[in-house]
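From a predicted model like this one, the values you see are computed outputs, not experimental measurements.
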Amino acid sequence: MKKRIFVLFVVVLTFLTGCNNDYWLGEIPYKEDQEHEPSVYYTYRFTGESLHFYFQTGKVYYNDNYRSLIISNFKVKENVSDDSSYNLILYFNDDVLYDSGSGNMNLSKSGFENIVITDNGYVYTNDSGEIIGEADSFIKTTKETFKDSIKMVINYCEKDKCKEETFKINYLD
C-alpha cells in the first residue's frame, strides 16, 4: 500500500512539474540566456513575478565604465486567457526605459513571451561632473541604487477587462 501511494505521489509530482512552464511550487527557476549575455561578470542576477506573469532571466552588469541589462524568458501563468493582449513597461526612477507597445495592447501571448529587454553602453562623467553615456537606464542608476530604481509593470486585457500588475523582483545574489 505504501508503495502505491509513493508511486502515485511521484506520478502527480511529475505531472505538475512537466505541465507548469518551469514554475514549480512557487519558485521561479533562474534560466541563463547566453545568446544575449555580454559578459560572464554580472553584478546582480534576478527573476520577477506578478500574480499572472513571471520572467526567469534578469542580469545587470557594472564593469568599469561598461553597463548592461538583460531581462528575458517571460512566461504567462496558466490562469490568463490565450487571447489576451499585453503591454510590458520597464521604469528606472519612474522614467520609462522600455514600453513593448508604446501604450497599445498589441502583443499576443507568444509576442510577450519572446520579449528580450536589453540596454547597454558606456557611461562617463563630463568635465562638470555630470554622468553622460549611451545607456539610458544607467544614467539614472548606479550599482548601489539599481535595486531601488527598477520597476516593471504589465498591463493586460482579457476581452474588455484590462488590469495592471507590478512585478516583484527577486535578487539571487
* Can you tell me if CG on N126 sees more than 12 non-hydrogen neighbours from other groups inside 6.0 Å? -> yes

* Do any N or O atoms from the side chain of S72 and from the backbone of T57 form a donor-acceptor pair under 3.5 angstrom? -> no

* **Exercise: do Y42 and D173 side chains pair donor with acceptor under 3.5 Å** => yes

* To do: Can you measure from CD1 (I150) to CD1 (I169) and round to the nearest 0.5 angstrom?
  => 5.0 Å

* Structure fact -> Residue set satisfying side chain to side chain donor-acceptor pair (under 3.5 Å) with T145, at least two apart, ordered chain then number -> T142

* To the nearest 0.5 angstrom, please state how far the NZ atom of K168 sits from the CD atom of E49. => 8.0 Å

* Asked: Is the number of heavy atoms from other residues, nucleotides or ligands within 6.0 Å of CG (D83) greater than 12?
  -> yes

* About how many Å separate OG1 of T47 and CZ of F167, when rounded to the nearest 0.5 Å? -> 10.5 Å

* Asked: Hey, do the aromatic rings of F146 and F92 have their centres closer than 6.0 Å?
  -> yes

* **Close side-chain approach of L97 to D95, heavy-atom, < 4.5 Å** => no

* Asked: For K75, does its backbone N or O pair with a side-chain atom of E113 as donor and acceptor, under 3.5 Å?
  -> no

* Structure fact -> Residues passing the side chain to side chain contact (heavy atoms under 4.5 Å, CB included) test with E158, sequence neighbours excluded, are V80, S81, S84, Y156, K163

* Kindly indicate, with the supporting measurements, whether the criterion side chain to side chain contact (heavy atoms under 4.5 Å, CB included) is fulfilled by N65 and Y124. => CA-CA 7 Å; N65 288 344; Y124 302 98; 3.6 Å; yes

* About how many Å separate CD1 of I154 and OH of Y54, when rounded to the nearest 0.5 Å? -> 13.0 Å

* Structure fact -> Output for pair (N120 CG, H36 NE2), nearest 0.5 Å, gives 11.5 Å

* Okay, side chain of N63, backbone of Y41: is any donor-acceptor separation there less than 3.5 Å? -> yes

* **Test item: V76 and H52 side chains (from C-beta on) under 4.5 Å apart, heavy atoms** => no

* Partners passing side chain to side chain contact (heavy atoms under 4.5 Å, CB included) against E35 (at least two apart in sequence or in another chain) -> D33

* Report whether I115 and I70 are members of the same hydrophobic cluster (ILVMFWY, side-chain heavy atoms less than 4.5 Å apart, transitive linking). => no

* Asked: Mind checking what makes ring pair (Phe, Tyr, Trp, His ring centres under 6.0 Å) contact with F74, not counting sequence neighbours?
  -> F55, F112

* Is a donor on one side and an acceptor on the other found under 3.5 Å between the side chain of S100 and the backbone of L88? -> yes

* Does Y171 belong to the same Ile/Leu/Val/Met/Phe/Trp/Tyr cluster as Y61, with side-chain heavy atoms less than 4.5 Å apart forming each link? -> no

* Go through the steps to decide whether L90 and I71 satisfy the test side chain to side chain contact (heavy atoms under 4.5 Å, CB included), and finish with yes or no. => CA-CA 10 Å; L90 176 64; I71 303 173; 4.2 Å; yes

* Structure fact -> Quick note, salt bridge (charged side-chain N to carboxylate O under 4.0 Å, His left out) partners involving residues 142-151, not counting sequence neighbours, are none

* Y66: partners by ring pair (Phe, Tyr, Trp, His ring centres under 6.0 Å), with sequence neighbours left out -> Y122

* To do: Using the six-membered ring of Y30, assess whether NZ or CZ of R45 lies under 6.0 Å from its centre and within 45 degrees of the ring axis.
  => yes

* Could you check Y98 against T118 for side chain to side chain donor-acceptor pair (under 3.5 Å), going step by step and ending with a plain yes or no? => CA-CA 9 Å; Y98 176 84; T118 60; over 6 Å; no

* **Any donor-acceptor N/O pair, E165 side chain to L51 backbone, under 3.5 Å** => yes

* To do: Decide salt bridge (Lys or Arg N to Asp or Glu O under 4.0 Å) for K59 and E32; before the verdict, give the C-alpha distance in whole Å, the side-chain angles of both, and the deciding distance to 0.1 Å.
  => CA-CA 9 Å; K59 277 190 181 177; E32 294 292 338; 2.9 Å; yes

* With a 4.5 Å heavy-atom cut-off, do N87 and V153 have their side chains touching? -> no

* **Flag, side chain of K109 to backbone of S85, donor-acceptor distance under 3.5 Å** => no

* Asked: CD1 of I89 to CG of D99: how many Å apart, nearest 0.5 Å?
  -> 4.5 Å

* Please work out which of the three classes, parallel, tilted or perpendicular, describes the rings of F53 and Y86, given edges at 30° and 60°. => perpendicular

